[in-house]
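Side chains are part of it too, since the values below use all heavy atoms of this structure and drop only hydrogens, waters and symmetry mates.
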Amino acid sequence: MTTGTNGYDAFEGAGDLLRALSAPIRLAIVSELAAGERCVHELVEKLGAPQPLVSQHLRVLRGAGVVRGSRRGREIAYALVDDHVAHIVADAVSHADEGSH
């Protein structure tokens, strides 16, 4: 792990990532994108959430560097930047599920 002058730089980046993942709908979006790229309308259909809400949360995830968008005709297809985040989300969901039994 790389540390800067205060020794907490890596932890600050991790904190930023965890804040970006802190909303349940963003966790669901990441889980959905773990299976492959999706357009907004596909996420809306799968999650049962309104399009403006899904778009708002995708903006947060893009800003945090978790997802990227690429033009697919008239639509933008979203994908995870890397698989690490998908593993973090899957582990968190699995851990939460263990605690509910």
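Every side chain to side chain contact (heavy atoms under 4.5 Å, CB included) that Ala20 has, sequence neighbours left out, goes to Ala64. Residues passing the side-chain hydrogen bond (donor to acceptor under 3.5 Å, both in side chains) test with Gln56, sequence neighbours excluded: none. Every residue meeting the side chain to side chain contact (heavy atoms under 4.5 Å, CB included) condition with Pro50, not counting sequence neighbours, appears here in chain and number order: Pro52, Leu53. In this structure, the side-chain hydrogen bond (donor to acceptor under 3.5 Å, both in side chains) partners of Glu37, at least two apart in sequence or on a different chain, are Arg72. With sequence neighbours excluded, no residue forms a salt bridge (charged side-chain N to carboxylate O under 4.0 Å, His left out) with Glu75. Among residues two or more places apart in sequence or in another chain, the side-chain hydrogen bond (donor to acceptor under 3.5 Å, both in side chains) test is passed with Arg68 by none. Contacts of Ser31 classified as side-chain hydrogen bond (donor to acceptor under 3.5 Å, both in side chains), with partners at least two apart in sequence or in another chain: none.
Contact check for Leu17 versus Ile88: side-chain heavy atoms found under the 4.5 Å cut-off. A heavy-atom distance below 4.5 Å is not found between the side chains of Ile76 and Val40.
The CZ atom of Arg26 sits 13.5 Å away from atom CG of Leu33, with the distance rounded to the nearest 0.5 Å. To the nearest 0.5 Å, the span separating CG on Asp16 from CG on Leu21 amounts to 11.0 Å. Here CD1 of Ile29 is found 6.0 Å from CG of Leu43. Values are rounded to the nearest 0.5 Å.
Other members of a hydrophobic cluster containing Val81 are absent, since no ILVMFWY side chain comes under 4.5 Å of it, directly or through relayed contacts. The hydrophobic cluster of Leu18 has no other members, since no ILVMFWY side-chain heavy atom comes under 4.5 Å of it. Other members of a hydrophobic cluster containing Val60 are absent, since no ILVMFWY side chain comes under 4.5 Å of it, directly or through relayed contacts.
Environment of NE2 in His41: crowded, with over 12 heavy atoms of neighbouring residues, nucleotides or ligands closer than 6.0 Å.
Among residue pairs with one or both ends in residues 78-91, none qualify as salt bridge (charged side-chain N to carboxylate O under 4.0 Å, His left out); sequence neighbours excluded. Listed by first and then second residue, the salt bridge (charged side-chain N to carboxylate O under 4.0 Å, His left out) pairs involving residues 48-66 amount to none (not counting sequence neighbours).
Summarising the geometry of Val44 relative to Ala49, their closest heavy-atom pair is CG1-O, 3.2 Å, with the distance given to 0.1 Å. The heavy-atom pair separating Ser55 from Gln51 by the smallest distance is OG-NE2, 2.6 Å. Between Arg38 and Ala35, the shortest heavy-atom contact is NH2-CB, 3.4 Å.
Among Val30, Leu80, Val85, the single residue meeting the side chain to side chain contact (heavy atoms under 4.5 Å, CB included) criterion with Leu61 is Val30.
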